[in-house]
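This structure is a prediction, so every number in the text was calculated from the model and none was measured. Counting starts at 1 for both ligands and their atoms, in listed order.
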Amino acid sequence: MSRFWSPVVHGLSPYVPGEQPAMAGLLKLNTNENPYPPSPRVLQALQQQVGEGLRLYPEPTGRALREALARREGLAPEQVFVGNGSDEVLALAFMALLNHAPRPLLLADIGYAFYPVYCGLYGVPQRVIPLREDFGLVIDDYLHGEAGAIVIANPNAPTGRALPRSEIARLLAARPDVPVLVDEAYVDFGAESAVPLVAEHPNLLVVQTLSKSRSLAGLRVGWAMGQAPLIEALVRVKDSFNSYPLDRLAQAGALAAIEDEPYFERTRLRVIASRERLSAGLQALGFEVLPSQANFVFARHAARSGAALAAALRERAILVRRFAEPARIAEFLRISIGTDAQCDSLLAALQQILETPDVVE
Ligand code: PMP
């Protein structure tokens, strides 16, 4: 704390990201990174950018990347916005589109933990809507009552559960005057994207990222898709903040990633297959595993606390994520999907932990 802080800083509750320890030999299943390397075409494109061209500023709007994304999704480049990771895109969207105080933003009680942080930063009033008992998000809960805006992660985090596109369509139709942001960070692992709804719904913004399904968490590229007036709002806020959120390397690498569809398809399907295999393995050990359409599973064991399991895994150099809040998810572990060999190491460690008599805590 310091008397030099602007007053707003005192009230912030910043997001705490999962650990990125420097220790070698760790099995890192805590931040939903992809276990496979980025496409070789990405590495080539990055190498080609390393040179005297770095003297110059990058293209400020990420034009070539936006064009490639637009082509892939059947949109116009004016319907695509790119930013420094989807976290930045979300942060800009919260300011540009989701703050209609005093009307509240509707969001789930269990969702991406950054959303309430942005609300705190911008002073967005919230109406928190609990997930149902089975951790399902029920769209009917969002159709009534005062709303300034709505944010939904689909698949949801950290549950991994997904809604079909028809449910998002039902929300958009029932709330035509309310901007709806659908965060699709994990959509490529088996959920239905809402992007085909963009053409008919001027209130829809869909956000995606290269971090998960394209193995590029380290490059920091995310994007939003929506009708041009929504994108214009994002551009206005971006240009009041940072003209060049994507550097030359990021733009070139992202473009190569989007263009290497076969590599994307191969690794995506491998992660999905490993998820199903890991879910079955966890169930065989007595875990309850929520149905996941993401690159992680959310699981709990009736006989051991989440904290004890996470600590025991850590002693065996395996990192998973656990959220102490809200209380009803405190016993769950969120486990990122690794290669089959990594999943097997995790399962072997868990089996050993469960066979060891529980120490009274
Ligand atoms: N949305 C959700 C639901 C996430 O879990 C994450 C990853 N922490 C993000 C967005 C942000 O991803 P990135 O900034 O790496 O694109």
Check: For ligand 1, which atoms have a heavy atom of G85 less than 4.0 angstrom away?
Finding: 14 (O), 16 (O)

Next item on the list: Please report which non-hydrogen protein atom sits nearest to atom 15 (O) of ligand 1, along with the residue it belongs to and the distance in Å to one decimal place.
Entry: S211 OG, 2.6 Å

Checklist line | Y15 atom OH, over 12 foreign heavy atoms within 6.0 Å | finding: yes

Check: Can you tell me which residue and heavy atom of the protein come closest to atom 7 (C) of ligand 1, and the distance to 0.1 Å?
Finding: K212 NZ, 3.0 Å

Note to self: Can you tell me which portion of D87 lies within the under-4.0 Å heavy-atom range of ligand 1? Options are side chain, backbone, both, or neither.
What the structure shows: both

Notebook entry, point to check: Between the side chain of R275 and the main-chain N/O of F189, is any donor-acceptor distance below 3.5 Å?
Noted result: yes

Next item on the list: If you have a sec, work out which protein heavy atom is nearest atom 8 (N) of ligand 1 and how many Å separate them, to one decimal?
Entry: Y112 OH, 3.1 Å

Next item on the list: Do me a favour and list the nearest non-hydrogen protein atom to atom 4 (C) of ligand 1 with residue, atom name and distance?
Entry: Y186 OH, 3.6 Å

Check: What do you reckon, does E88 put a non-hydrogen atom under 4.0 Å from ligand 1?
Finding: no

Check: Does the gap between the ring centers of F332 and F135 come in under 6.0 Å?
Finding: yes

Checklist line | Side chain, backbone, both or neither: F114 near ligand 1, heavy atoms under 4.0 Å | finding: neither

Checklist line | Atoms of ligand 1 close to A185 [distance to a heavy atom under 4.0 angstrom, numbered from 1] | finding: 1 (N), 2 (C), 10 (C)

Next item on the list: Establish, yes or no, whether the cationic atom of R334 lies under 6.0 Å from the six-membered ring centre of F323 and within 45° of the ring axis.
Entry: no

Item checked: Heavy-atom closest contact (V237 atom, A96 atom, distance) -> CG2-CB, 3.5 Å

Next item on the list: Compare every heavy atom of R300 with every heavy atom of E331, then report the nearest pair and how far apart it is.
Entry: O-CB, 3.4 Å

Notebook entry, point to check: Would you call the rings of Y57 and Y244 parallel, tilted or perpendicular, where under 30° means parallel and over 60° means perpendicular?
Noted result: parallel

Check: What protein heavy atom sits nearest atom 12 (O) of ligand 1, and how far off is it?
Finding: S86 OG, 3.2 Å

Next item on the list: Have a look at ligand 1 and work out which part of R220, if any, has a heavy atom under 4.0 Å from it: side chain, backbone, both or neither.
Entry: side chain

Item checked: Protein heavy atom at shortest distance from atom 1 (N) of ligand 1 -> D183 OD2, 2.7 Å

